[in-house]
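Excluded from the calculations below are hydrogen atoms, water molecules and symmetry mates; all remaining heavy atoms, backbone and side chain alike, are included. Worth saying up front: this structure is predicted, and the values here are computed from it rather than measured.
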Amino acid sequence: MGYPKHSTLDRWLDDIEVQSQGEEQVDLGLEDLEEKFSENILDAVEEHHQKNNSESAPLLPDVKPRLRRRAQKSSVLNPEPEGPGILQVEALEAPEPEESFWVRAWRSFMGMLQRLKQRWQAVLAWVREKVAAGWQALCSVAQSINSVLESFCSYMAGLFRYHIQV
């Protein structure tokens, strides 16, 4: 599976290097970078699925747009960090007034990575929920088919017993 393109990150670093005084520009650039990373991740997920699962489990036409909507920034409902990792500790510390621009930019970048991680954890939870619901529905259908088959077999066995006794 591919990772977000290095050129996207390189461009962001070049942009903030040129504008190393304006933190607002860093934040705006990070929002754009976050969305580009999400798009790159979505593309990589689709590419991976096509290479590995397209014949056995093709994506339904309505699943791709729903997955894209889930991965959008506004879809993250729980801003609380989940799971262990340095991203939580480093990204959530308050900036020190004497910190350099680059340290603040790094903290902002780590915060963006944390948000991206949370977003994709939410997407993964949604996918798991949908797969579980689909699996449950499939099991229910299989149980119904089994019940009908058992009923049919029982009926046929009774019919044969009747004809054998006659």
D43/K36 ion pair, N-O < 4.0 Å: no

Contacts of V103 that satisfy side chain to side chain contact (heavy atoms under 4.5 Å, CB included) - sequence neighbours left out: E99, S100, R107

E35 side, atom CD; L116 side, atom CG - distance, nearest 0.5 Å: 9.0 Å

Summary of side-chain hydrogen bond (donor to acceptor under 3.5 Å, both in side chains) pairs that have at least one residue in residues 135-149, sequence neighbours excluded: N146-E150

L113 side chain reached by M110 side chain, heavy atoms, under 4.5 Å: yes

Under the side chain to side chain contact (heavy atoms under 4.5 Å, CB included) test, residues paired with I164 that sit two or more places apart: none

ILVMFWY clustering at 4.5 Å (side-chain atoms), partners of I145: V141, L149

Members besides F152 in its Ile/Leu/Val/Met/Phe/Trp/Tyr cluster (side-chain heavy atoms under 4.5 Å): Y155, M156, L159, F160

Rounded distance (nearest 0.5 Å) linking atom CZ of R69 with atom CH2 of W126: 8.0 Å

Between OG on residue S38 and CD on residue E34, distance to nearest 0.5 Å: 6.5 Å

Partner set under side chain to side chain donor-acceptor pair (under 3.5 Å) for R66, not counting sequence neighbours: D62

Euclidean distance, L42 CG relative to R70 CZ, rounded to 0.5 Å: 13.0 Å

L124 vs Q121, side chain to side chain contact (heavy atoms under 4.5 Å, CB included): CA-CA, chis, key distance, verdict: CA-CA 5 Å; L124 179 59; Q121 285 174 337; 5.6 Å; no

